[in-house]
Amino acid sequence: MTTFHRRSDLSIDQQLALRTAATNLQRRFDGIFGTETVERFLHSSYDEFAGRAVVLNHLPLLAERFARQRLAALAKVEGRHDEGVPVVLFLCTHNAGRSQMALGFFTHLAGDRAIAWSGGSDPSERINPAAIEAMAERGIDISGEYPKPWTDEVVRAADVVVTMGCGDACPVFPGRRYLDWAVDDPRGLDVASVRPIRDEIERRVRSLLDDITVPARA
């Protein structure tokens, strides 16, 4: 039986939720990573959100989802496991608008034929409500997403890194293909003003899918 690192700064409910998250991750990455690595990534992912989370009860779930992404990226970087499909990373400053809409379109259009992640250099507390509404008009729900930072292993695992407005704060690693999209920031805009940005992002995502030879869902 594996042991679980207890944290004195968490409530009993949060500790139980993190224990469940650790069990889920250990099952997912069984034979790829050991318990120590899984727990280290889970707790560091938790810490990424603890200082800026709006709803503390959601923290263990957010930490589990982020740790799952990071461990999958690390597995690819270290040659332990590779899904065998292209990986695209969308980056912007706050990971609340542009990169989330790009992620939404890419995931919707590519299905399981490619993987997309997103991140920000200075993540916000929540997804831009106008972006959520604009994407919902296109039948894509991004309300369940969450702003998160980029990490080294996630960037290194990406085949293509798309940056949108993060400038020098965006990470640069050798061997990655970088694209810089000059797309307006929807922060503070109403839905009517976000729609043209949304449509431009969709056009660019479709073009990217063509470029990496991933057929877009009709």
Side-chain angles (χ1 to χ4, degrees), residues 41 44-45 47-49 51-53 62-63 65-77 83 85-110 114-132 134-135 140 142-189 194 196-212 214:
F41 272 71
S44 63
S45 296
D47 290 339
E48 288 285 359
F49 297 106
R52 55 186 174 82
L62 294 181
R65 290 174 61 187
F66 191 37
R68 185 183 300 269
Q69 175 182 306
R70 294 175 61 201
L71 287 165
L74 183 64
K76 180 180 178 181
V77 170
E83 297 291 343
V85 296
V87 176
V88 176
L89 175 62
F90 296 101
L91 298 177
C92 67
T93 303
H94 303 295
N95 192 219
R98 289 167 292 187
S99 55
Q100 292 289 357
M101 288 191 285
L103 173 65
F105 275 123
F106 190 98
T107 301
H108 175 75
L109 294 169
I115 294 172
W117 297 322
S118 70
S121 56
D122 182 22
S124 295
E125 292 182 348
R126 58 175 64 84
I127 302 296
N128 185 331
I132 292 175
M135 292 297 288
I140 300 175
I142 63 170
S143 63
E145 292 297 329
Y146 54 100
K148 52 196 171 296
W150 56 266
T151 60
D152 284 359
E153 66 276 352
V154 167
V155 180
R156 291 180 184 276
D159 300 299
V160 181
V161 180
V162 178
T163 61
M164 289 174 275
C166 49
D168 292 340
C170 282
V172 177
F173 291 107
R176 307 303 92 200
R177 178 187 175 192
Y178 284 85
L179 299 173
D180 184 54
W181 290 357
V183 179
D184 291 338
D185 188 350
R187 192 178 193 187
L189 301 181
V194 171
I197 300 173
R198 173 202 64 193
D199 294 345
E200 173 65 13
I201 289 173
E202 180 184 12
R203 184 189 68 77
R204 289 175 179 266
V205 167
R206 287 183 178 276
S207 177
L208 174 59
L209 287 169
D210 286 342
D211 192 38
I212 62 175
V214 172

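Given the structure is predicted, the values throughout are model-derived calculations rather than measurements.
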Please check this pair: side chain of [X] against backbone of [Y], looking for a donor-acceptor N/O pair closer than 3.5 Å.
X      : Y      : result
Ser45  : Phe41  : yes
His94  : Pro123 : no
Arg204 : Trp181 : no
Arg98  : Cys92  : no
Asp185 : Gly165 : no

**Prompt:** Will you find, in the side chains of Arg70 and Ser44, an N or O donor that is under 3.5 Å from an N or O acceptor?
**Reply:** yes
**Request:** Determine whether the side chains of Asn95 and Ser118 contain a donor N or O and an acceptor N or O closer than 3.5 Å.
**Result:**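 Asn95 vs Ser118: donor-acceptor pair found between side chains.
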**side chain to side chain contact (heavy atoms under 4.5 Å, CB included) assessment of Arg187 paired with Thr93** = CA-CA 10 Å; Arg187 192 178 193 187; Thr93 303; over 6 Å; no
**Request:** Decide yes or no for Val161 and Leu91: does some side-chain heavy atom of the first lie under 4.5 Å from some side-chain heavy atom of the second?
**Result:** yes
**Message:** I want to check something: taking the side chain as every heavy atom from C-beta on, are Arg206 and Phe105 in contact at a cut-off of under 4.5 Å?
**Reply:** no
**Asked** Below 4.0 angstrom, N of the basic side chain to O of the carboxylate: do Glu153 and Arg156 qualify?
**Response**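 Answer for the salt bridge query: no.
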**Message:** Just to verify, which of Lys76, Arg177, Arg176 counts as forming a side-chain hydrogen bond (donor to acceptor under 3.5 Å, both in side chains) with Asp159?
**Reply:** Lys76
